[in-house]
Amino acid sequence: FAGLLESGFQASSVNRSRSALRTFYHFLKKEGEVAANPVLEIRALKKPHKLPVVVSPGPLGQLLESEDIFPDELAGMRDRLVLELLFGTGIRLSELIGIQVRDIDFYSAQVSIMGKRSKQRFVPLTPHLIKLLNIYTREREKTRPAHTNLLLTDRGKPAYPAQIYRIVHHYLSFLSTQQKRSPHVLRHTFATVMLENGADLNAIKELLGHASLAATQVY
């Protein structure tokens, strides 16, 4: 295994080789060919933590303020709102599509989010987001939707993960330097911007809905 590392293989590749050998020796021991499995004594290598991929706030802000990129109709309002909510609140994709219109408290400027393990939390909304939500929900009601989900498809059905992913990927493609274009990138960007602007790590943990501080400390 040391030879693999010296040859430039990453820890994940070395660990896969270790796993394959451990399985092979387990088979040999079961067949009576060897007395023990020597690979069991070898510990797996620790993989280095990858830093979260983020979007540069400046170009992203310019994208969101653009009057030409988002269509004027309801679909364009929805697309802009998708990006604004992901970047402005740090919620997960699954949490975004789960938002119902009734979950938005315009008076208190917050939205009720149902997170992992059905854990509810309240995420604050900026005046800018409240304004966008007001405009969007008014236009949305004009279509007399049959569903209460905040975000709908062009046919009036509840939005689904692949659709949101396509929306985010499409608009982030306008940022030429952005390689990774998933909704989670905007969640990472939210957390990073909050931290860079002096937000307390515990506060960010609560906003993101992390179960432990360890998950937040990656930022």
Between Ser19 and Arg16, does any side-chain donor sit less than 3.5 Å from a side-chain acceptor?
->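 Distance-only check fails for Ser19 and Arg16.
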Do Ser112 and Gln120 have side-chain atoms, one donor and one acceptor, less than 3.5 Å apart?
->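 Short answer, yes.
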Minimum heavy-atom separation for [X] to [Y], with atom names?
X: Lys29; Y: Ala36; answer: CD-CA, 4.3 Å
X: Leu172; Y: Val55; answer: CD1-CG2, 4.4 Å
X: Ile164; Y: Ala159; answer: CD1-CB, 4.1 Å
X: Ile104; Y: Leu125; answer: CG2-CD1, 4.2 Å
X: Val123; Y: Arg121; answer: CG2-NE, 3.9 Å
X: Ile42; Y: Arg18; answer: O-NE, 2.7 Å

Kindly list each side-chain donor-acceptor pair under 3.5 angstrom involving residues 195-208, sequence neighbours excluded, with atom names and distances?
residue	atom	partner	partner atom	Å
Asn197	ND2	Val193	O	2.7
Asp200	OD2	Asn202	N	2.9
Asp200	OD2	Ala203	N	3.3

Asn134 side chain reached by Phe106 side chain, heavy atoms, under 4.5 Å | yes
Pro145 versus Arg140: any side-chain heavy-atom pair under 4.5 Å?
->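 Answer yes - side chains close enough.
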Verify side chain to side chain contact (heavy atoms under 4.5 Å, CB included) between Arg166 and Gln163, making sure each step is shown before the conclusion.
-> CA-CA 5 Å; Arg166 284 197 299 269; Gln163 177 197 10; 4.1 Å; yes
Determine whether Leu133 and Ile135 fall in the same hydrophobic cluster, where Ile, Leu, Val, Met, Phe, Trp and Tyr are linked whenever their side-chain heavy atoms lie under 4.5 Å apart.
->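 Leu133 and Ile135: one cluster.
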So if you build clusters from Ile, Leu, Val, Met, Phe, Trp, Tyr with side-chain heavy-atom gaps below 4.5 Å, do Leu175 and Tyr165 land together?
->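 The answer is no; the residues belong to distinct hydrophobic clusters.
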Solution key, residues 73-93 side-chain donor-acceptor pairs under 3.5 Å, sequence neighbours excluded:
residue	atom	partner	partner atom	Å
Arg78	NH1	Leu152	O	3.0
Arg78	NH1	Asp154	OD1	2.8
Arg78	NH2	Asp154	OD1	3.4
Asp79	OD2	Tyr171	OH	2.9
Arg80	NH1	Leu64	O	2.1
Arg80	NH2	Ser66	O	3.0
Glu84	OE2	His128	NE2	3.1
Thr89	OG1	Leu85	O	2.4
Thr89	OG1	Ile91	N	3.4
Arg92	NH1	Glu95	OE2	2.5
Arg92	NH2	Gly209	O	3.4

Any donor and acceptor pair, going by atom type alone, linking the side chain of Gln100 with main-chain N or O of Gly98 inside 3.5 Å?
->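 Yes, because the side chain of Gln100 sits within donor-acceptor range (under 3.5 Å) of the backbone of Gly98.
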Flag, side chain of Ser17 to backbone of Ser13, donor-acceptor distance under 3.5 Å |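 Side chain of Ser17 to backbone of Ser13: a pair is present.
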Partner residues of His170 under the ring pair (Phe, Tyr, Trp, His ring centres under 6.0 Å) criterion, sequence neighbours left out |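 Partners of His170 by the ring pair (Phe, Tyr, Trp, His ring centres under 6.0 Å) criterion, ordered by chain and then number, come out as Phe174.
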Go through the steps to decide whether Arg181 and Ser173 satisfy the test side chain to side chain contact (heavy atoms under 4.5 Å, CB included), and finish with yes or no.
-> CA-CA 7 Å; Arg181 303 165 185 170; Ser173 68; 3.4 Å; yes
Interatomic distance, Arg138 atom CZ to Glu141 atom CD [nearest 0.5 angstrom] |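 Taking CZ in Arg138 and CD in Glu141, the distance rounds to 11.5 Å.
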Neighbour count above 12 (heavy atom, 6.0 Å) for Tyr25 OH = no
Does atom CZ of Phe24 have more than 12 heavy-atom neighbours, drawn from other residues, nucleotides or ligands, at distances under 6.0 Å?
->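 Open.
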What's the verdict on side chain to side chain contact (heavy atoms under 4.5 Å, CB included) for Leu151 and Tyr160, showing C-alpha distance, side-chain angles and the deciding distance?
-> CA-CA 9 Å; Leu151 300 173; Tyr160 52 95; over 6 Å; no
Evaluate the side chain to side chain contact (heavy atoms under 4.5 Å, CB included) criterion for residues Val111 and Ile113: first the C-alpha distance (whole Å), next the side-chain angles of each, then the deciding distance (0.1 Å), finally the verdict.
-> CA-CA 6 Å; Val111 57; Ile113 298 295; 4.1 Å; yes
